[in-house]
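This report refers to the structure that appears directly beneath it.
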Amino acid sequence: MYKLLNYINGKLVEPVSKTFLDNYNPANGKVYSLIPDSDEKDVELAYQAAKGAFAEWSITPKEKRSKYLLKIAELIEKNLDKLALAESIDNGKPVKLAKTVDIPRAAANFHFYGTGILHYSSHAHAMENTAINYTLRQPVGVAGCISPWNLPLYLFTWKIAPALAAGCTVVAKPSEVTPMTAHLLSEICIEAGLPPGVLNIVHGLGGKVGNAIVSHKNIPLISFTGGTTTGAHIASIAAPMFKKLSLELGGKNPNIIFADCDYEKMLITTMLSSFANQGQICLCGSRIYVERSIYEKFKADFVSKTKKLIVGDPLNEETKIGAIVSKSHQEKILSYIELAKKEGGTILCGGQEIKLEGELSKGYYIAPTIIEGLNHTCRTNQEEIFGPVVTITPFDTEEQALEMANSTRYGLASIVWTENLTRAHRIANNIHAGIVWINCWLLRDLRTPFGGVKDSGVGREGGFEAFDFFTEPKNVCIKL
Ligand code: NAD
């Protein structure tokens, strides 16, 4: 059985304990590789390597750091097919999605931050004839980066690339549910000649490896993407240690559809914002609010299109809906569908597990599901399900739509469909979300700050704000 290894001090190594965990292929439910079951001893080795490398890396000219990052971007692009295949097998996502979105965006992260750092500047403030102040931005030190399973390489590199570009060295942990592309990234870093210790990747469980990184007394910064409950736990450890924290957490995003929208464009994009990656994107619009005058038409068209979505083998290039990432996550999603029924919801399509034939008969599949008839305050509409499950609800006025949209503890992203420019801006102004997509979804200029409000997170990454996060400002005042 293929064994993944930790990447510490430039080398691929077994965990100190020599024990491994099973890695499942969700498409067929079979174990297909083994993951290091690392613990705090491995994190300590990784930390020591990162600390050792920091002295040199933090003063390496940014032009040189940039070259390493661009080389890594180039190698990710060169290995596109291999990485996409690995991500599809690890995660259950359609290989085409991995090939066209996840992996290219991982390369884009290295490219963006590798070039962005060359243009990052600090400020000077003159006090007329009295003094000059300037701000030095110095890398914080060893950064701890922890990422989830839904967009494995994309989100992993979203943290690592700006940290390395800013001059930090890194101890990183990918999700134990989808570790394969992080392992392949280790090989790419070795091929790119990244100096030993600059990036260290420790595989294993959140409660062991993640916890050891978060509670390590000499790791002063944690960049975390994952669930809100985990984020709260991490904050409770990191806050009393005064660590710098960026928490990108869960969402329950509204998709507000007005009658004056461009209907065809809205319908095509709403299919994607509802079910792409089996609904396992933190930015998916899982609560769909539709103006009453087009509600019945929308319902009929949306249900009819959704019924035609074929759930199938993730490795088939034609597949739009692949497998759910794990057995336990499949069970969680199915339990929410049962809850929706108990709460009085009507299942318009889907609502059940799908059993595929032959080799894939033990895989974890769920039919894309649309539910109506639920109050916006019920648990189904308030809690993050993170699967191919959406609710649809009619509204009569803009105020009512906004009230329902803003009614959850989350505030990650939102989607608005209208051709009325004034209304679009008014909603953007009044909605409680870190991102507002008007007549589109998932479009991003990487220069914009990314993140959510309320329980969807704190701290913003993206753009040059990521460099602000991975550096510490030091203000110097010179008396004239
Ligand atoms: P999770 O919180 O279970 O795990 C995320 C990572 O944290 C994993 O690497 C895990 O091993 C680690 N971890 C778990 N317990 C830990 C602990 N005690 N200490 C330190 N690390 C620990 O999340 P998940 O199930 O992997 O991912 C799904 C969640 O991520 C969803 O809630 C989704 O909305 C969210 N997400 C948010 C964004 C965003 O940008 N806001 C992006 C993607 C996913």
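Start at 1 and go down the list; that is how both ligands and their atoms are numbered. We count residues from 1, following the sequence as given.
Heavy-atom separations between Gly204 and ligand 1 are all 4.0 Å or longer. Residue-ligand proximity: Gly457 is placed with every non-hydrogen atom at 4.0 Å or more from ligand 1. For Ser175, the closest heavy-atom approach to ligand 1 falls below 4.0 Å.
When ring centroids are compared, Trp149 and Phe156 stay outside the 6.0 Å threshold. Checked against a 6.0 Å centroid threshold, the rings of Tyr24 and Tyr364 do not count as neighbours.
In this structure, atom 34 (O) of ligand 1 has protein heavy atoms in its sub-4.0 angstrom surroundings.
Nearest non-hydrogen protein atom to atom 7 (O) of ligand 1 is Phe224 CE1, 3.1 Å. In this structure, atom 18 (N) of ligand 1 lies nearest to the protein heavy atom His233 CD2, 3.2 Å. The closest protein non-hydrogen atom to atom 23 (O) of ligand 1 is Gly227 N, 3.3 Å.
Within ligand 1, counting atoms from 1 as listed, the ones closer than 4.0 Å to a heavy atom of Pro174 are 9 (O). Distances below 4.0 Å separate heavy atoms of Leu155 from the following atoms of ligand 1: 42 (C), 43 (C). Close contacts between ligand 1 and Glu176 involve ligand atoms 10 (C), 11 (O) [criterion: under 4.0 Å to a heavy atom]. Close approach to Leu412 involves these atoms of ligand 1, each under 4.0 Å from a residue heavy atom: 41 (N). Counting atoms of ligand 1 from 1 in the listed order, those under 4.0 Å from a heavy atom of Cys282 are 34 (O), 36 (N), 37 (C), 38 (C), 39 (C), 40 (O), 42 (C), 43 (C), 44 (C). Heavy-atom contacts of Asn150 reach the following atoms of ligand 1: 43 (C), 44 (C) (cutoff under 4.0 Å). Below 4.0 Å from some heavy atom of Gly210 lie the following atoms of ligand 1, by number and element: 19 (N), 20 (C), 21 (N). Remark: ligand 1 atoms within the under-4.0 Å shell around heavy atoms of Phe450 are 40 (O).
Judged purely by distance below 3.5 Å, without hydrogens or angles, the side chains of Tyr2 and Asn23 never pair a donor atom with an acceptor atom. Of the N and O atoms on the side chains of Thr380 and Glu343, at least one donor lies less than 3.5 Å from an acceptor on the other residue. His216 and Glu44 are linked by a side-chain donor-acceptor pair at a separation below 3.5 angstrom, with hydrogens and angles left out of the test. Residues Asn277 and Asn150 bring no donor and acceptor atom of their side chains to less than 3.5 Å of each other. With hydrogens and angles left out, the side-chain atoms of Ser17 and Asp39 include no donor and acceptor closer than 3.5 Å.
Contacts classified as salt bridge (Lys or Arg N to Asp or Glu O under 4.0 Å) and involving residues 364-391 (residues at least two apart or in different chains) are given here: Lys299-Glu372, Arg379-Glu383.
Between Lys173 and ligand 1, at least one pair of N/O atoms sits closer than 3.5 Å. Backbone and side-chain nitrogen or oxygen atoms of Ile234 are examined, and none is located within less than 3.5 angstrom of a nitrogen or oxygen of ligand 1. Of the polar atoms of Trp149, at least one N or O is found under 3.5 Å from an N or O of ligand 1, judged by distance alone. At under 3.5 Å, a nitrogen or oxygen of Thr230, whether backbone or side chain, sits near a nitrogen or oxygen of ligand 1.
With sequence neighbours excluded, the residues forming a salt bridge (charged side-chain N to carboxylate O under 4.0 Å, His left out) with Lys159 are Glu461, listed by chain and number.
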